[in-house]
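Read through the structure below, which is laid out as structure tokens, and then see the notes.
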Amino acid sequence: MGNLSQNSKSNRDSRVELARIYACLSVLVLHFKPGTFVNGQRSLSRVFITCICTDAVGIFLLITGFFFFAQADYGKKIQSCIRKIALPTIVYTLLIAFLYPVLIGGSVDYGEMVRQFIVSIITCNPQIHNAQHLWYMYLYCIIVVAFPVLNFIINKISSQKHMQSIFVVMTFILLFINDCCGNNLLHCEMVPLTVFIPGCLFVLCGSIIYNNRHYIEGKILPFIAGVTVFCAVNIARTVYMRALLNTDASLTHLYGWYTSAGFICAISLLVSVLSIKPFYHKAINTISATTMNIYILHVIVSELITMAGYKNWVITTFLDGSESFIQFAKFTAIYSISVFAICCVLSITFKKIKSISSK
């Protein structure tokens, strides 16, 4: 997921691809981990795992900004988005809506499915079961449509060095004010149109960070600072969120990637990654090239292998029925990595078949 301009794996920055893999795996952890409640209270360690993974979308958007403005031809960008993002999203949604119920022996209300599909496209908010996680794909398409405006803004900002720092700081301040207002300023949710503004801001900030990466490349202090800030903010967020959620379980806003904490954590992680000297690694880049397909497929793959008994096998084989953090971490890691690996293999297989059939 992320950039569409880096088509050739030989041009990929493996530092960035590592961050992309981490973000993709973080999405799976968030979707598959057991709940944070243990004995009627939020578990501190489980809330911490949630916090360190919750900024995956923010990382993806920052990475998108790294390469988003490299291709300035609006027509080509739209065509690329339709071919690589919109069409796979639509095809997957149609298969899930009309084919999947048949495969599992269920009935299909075709009228309702058509209605949900039309509503999904019109509102840019997926409604169909097992396709709702694709809201990010809709958000990406909307951001691509807004490219001319974003390109104008980044050109204005880039013309003056001090404006870049001011823009990043002002983005943080806006998100912080929204946090203080209980999200009543931006009204962000996991719905594309509600996070369009923070999504665009993350993309712009990503471009600024990547264009200034030469200041931190190969230096140990930015790496240490990035890791320290990432851990410190997430520890503070964990303690606060645990106390908050034990009081009112509905107060989940600060888990969002579109928060000031999420913004700082995503930037800190990428600063650490970019402080490493640039390198190329074929295996990393090959795996990273499958992350969009992993994101699309992971929900349905999880459901299919659960029906086949795999999840129950993991539970009965590796867990002893306790609620300890070790058991929580063991299940989450084994199951998330399993789904990641299956989706990765499927993606590579599809690409091989496509490559062979096109010859």
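This chain uses plain numbering: 1 for the first residue, then up along the sequence.
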Worksheet item: Between Ala23 and Ala56, what is the shortest heavy-atom contact and its length?
Response: O-CB, 3.3 Å
Worksheet item: How long is the gap from CZ on Phe350 to CG on Leu346, to the nearest 0.5 Å?
Response: 5.0 Å
Worksheet item: Cation over ring, Lys77 on Phe147, under 6.0 Å and within 45°?
Response: yes
Discussion item. Between His133 and Tyr295 (side chain of the first, backbone of the second, donor and acceptor by atom type, cut-off under 3.5 Å), is there such a pair?
Written reply: yes
Worksheet item: Between Tyr258 and Leu186, is any pair of side-chain heavy atoms under 4.5 Å apart?
Response: no
Worksheet item: How long is the span from the CZ atom in Arg20 to the CD1 atom in Ile284, to the nearest 0.5 Å?
Response: 12.5 Å
Worksheet item: Does CE in Met170 sit with more than 12 non-hydrogen atoms of other residues, nucleotides or ligands closer than 6.0 Å?
Response: no
Worksheet item: So which pairs with a foot in residues 87-96 pass side chain to side chain donor-acceptor pair (under 3.5 Å), sequence neighbours left out?
Response: none
Worksheet item: Considering residues at least two apart in sequence or located in another chain, which fulfil the salt bridge (charged side-chain N to carboxylate O under 4.0 Å, His left out) criterion with Arg242?
Response: none
Fill in: Sequence neighbours excluded, every pair satisfying ring pair (Phe, Tyr, Trp, His ring centres under 6.0 Å) that has a member inside residues 13-53
His31-His298, Phe32-His298, Phe32-Tyr335
Fill in: Check: Tyr310 ring centre within less than 6.0 Å of Trp313 ring centre
yes
Item to complete: Could you tell me whether a side-chain N or O of Asn211 sits under 3.5 Å from a main-chain N or O of Ile208, the two making a donor and an acceptor?
Response: no
Worksheet item: Got a second to check how far Ser275's OG is from Ile224's CD1, nearest 0.5 Å?
Response: 9.0 Å
Worksheet item: Is a side-chain donor or acceptor of Thr64 paired with a backbone partner of Phe60 at a separation under 3.5 angstrom?
Response: yes
Discussion item. With heavy-atom distances below 4.5 Å as the criterion, would you say the side chains of Leu193 and Asn125 are in contact?
Written reply: no
Response to the item:
In Leu245, Thr54, Thr259, Asn183, the residue satisfying side-chain contact (heavy atoms from CB on, under 4.5 Å) with Leu254 is Thr259
Discussion item. Using side chain to side chain contact (heavy atoms under 4.5 Å, CB included), reason through Ser207 and Phe68 one step at a time and then give a plain yes or no.
Written reply: CA-CA 7 Å; Ser207 177; Phe68 192 65; over 6 Å; no
Discussion item. As an exercise, state the distance from CD1 of Ile59 to OG of Ser26, rounded to the nearest 0.5 Å.
Written reply: 6.0 Å
Worksheet entry | Over all atoms of both residues, closest heavy-atom pair of Thr332 and Pro34 | OG1-CD, 3.3 Å
Worksheet entry | Any donor-acceptor N/O pair, Thr291 side chain to Ile287 backbone, under 3.5 Å | no
Fill in: Flag side-chain contact, heavy atom, 4.5 Å: Ile63 against Tyr210
no
Worksheet item: Okay, side chain of Ser324, backbone of Gln327: is any donor-acceptor separation there less than 3.5 Å?
Response: yes
Practice prompt. Rounded to the nearest 0.5 Å, what's the gap from CZ on Phe230 to SG on Cys51? Could you check?
Written response: 9.5 Å
Worksheet item: Would Arg15 and Arg213 satisfy side chain to side chain contact (heavy atoms under 4.5 Å, CB included), going step by step from the backbone distance to the final call?
Response: CA-CA 12 Å; Arg15 301 170 302 172; Arg213 66 191 182 279; 4.0 Å; yes
Worksheet item: Does Asp13 reach the side chain of Tyr280, with side-chain heavy atoms less than 4.5 Å apart?
Response: no
Output side-chain donor-acceptor pairs under 3.5 Å for residues 149-159, partner residues at least two apart or in another chain, one line each.
from, atom 1, to, atom 2, distance (Å)
Asn155, ND2, Asn151, O, 3.1
Ser158, OG, Ile154, O, 2.7
Ser159, OG, Lys156, O, 2.6

Practice prompt. Specify the closest pair of heavy atoms between Pro88 and Arg83, including all atoms of both residues, with the distance to one decimal.
Written response: CD-O, 3.4 Å
Practice prompt. State whether the number of non-hydrogen atoms from other residues, nucleotides or ligands found under 6.0 Å of Tyr240 atom OH is greater than 12.
Written response: no
Discussion item. Would the distance check show the side chain of Ser120 and the main-chain N or O of Gln116 forming a donor-acceptor pair, the cut-off being under 3.5 Å?
Written reply: yes
Item to complete: Look at the rings of Tyr140 and Tyr136 and say which category their plane angle falls in: under 30° parallel, 30 to 60° tilted, over 60° perpendicular.
Response: tilted
Fill in: Shortest non-hydrogen separation from Cys141 to Cys81 and the atoms involved
SG-SG, 3.6 Å
Response to the item:
Looking only at heavy atoms, the pair that brings Phe202 and Trp257 closest together is CZ-O, 3.3 Å
Fill in: By side chain to side chain donor-acceptor pair (under 3.5 Å) - contacts of Ser43 (at least two apart)
Ser45
Response to the item:
The residue among Ile294, Leu297, Ile305 that forms side-chain contact (heavy atoms from CB on, under 4.5 Å) with Ile342 is Ile305
Response to the item:
So salt bridge (charged side-chain N to carboxylate O under 4.0 Å, His left out) across residues 46-73, not counting sequence neighbours, yields Arg46-Glu323, Asp55-Arg237
Response to the item:
side chain to side chain donor-acceptor pair (under 3.5 Å) filter on Thr349, not counting sequence neighbours, yields none
Practice prompt. Starting from the C-alpha separation in whole Å, work towards a yes-or-no answer on side-chain hydrogen bond (donor to acceptor under 3.5 Å, both in side chains) for Gln41 and Asn246.
Written response: CA-CA 6 Å; Gln41 292 287 309; Asn246 279 335; 3.0 Å; yes
Worksheet item: Side chains of Phe223 and Val273: does their closest heavy-atom pair fall under 4.5 Å?
Response: no
Fill in: Derivation and outcome, side chain to side chain contact (heavy atoms under 4.5 Å, CB included), residues Phe279 and Leu18
CA-CA 11 Å; Phe279 70 97; Leu18 275 175; 3.9 Å; yes
Discussion item. Taking the side chain as everything from C-beta on, heavy atoms only, tell me whether Ile121 gets closer than 4.5 Å to Tyr138.
Written reply: yes
Discussion item. Do Met137 and Met292 have side chains that approach each other closer than 4.5 Å (heavy atoms only, starting at C-beta)?
Written reply: yes
Anything under 3.5 Å between a donor and an acceptor, one on a side chain of residues 94-109, the other on a protein residue two or more places apart or in another chain? List them.
from, atom 1, to, atom 2, distance (Å)
Tyr100, OH, Glu303, OE2, 2.3
Asp109, OD1, Gly111, N, 3.4
Asp109, OD1, Glu112, N, 3.2

Practice prompt. Give the minimum heavy-atom separation between Leu175 and Pro198, together with the two atoms involved.
Written response: CD2-CB, 4.3 Å
Item to complete: Applying salt bridge (charged side-chain N to carboxylate O under 4.0 Å, His left out), name anything that partners Arg42, two or more places apart in sequence or on another chain.
Response: none
Discussion item. Checking Ser347 now: which residues fulfil side chain to side chain donor-acceptor pair (under 3.5 Å) with it, not counting sequence neighbours?
Written reply: Asn293
Practice prompt. Decide side chain to side chain contact (heavy atoms under 4.5 Å, CB included) for Val16 and Phe67; before the verdict, give the C-alpha distance in whole Å, the side-chain angles of both, and the deciding distance to 0.1 Å.
Written response: CA-CA 11 Å; Val16 177; Phe67 314 103; 4.0 Å; yes
Fill in: Pairs flagged by salt bridge (charged side-chain N to carboxylate O under 4.0 Å, His left out) wherever residues 183-208 is involved - sequence neighbours left out
none
Practice prompt. For Ser260, enumerate each residue passing the side chain to side chain donor-acceptor pair (under 3.5 Å) test, keeping only those at least two apart in sequence or located in another chain.
Written response: Asp179
Worksheet item: Mind checking whether Phe167 and Cys205 have side chains closer than 4.5 Å, heavy atoms only?
Response: yes
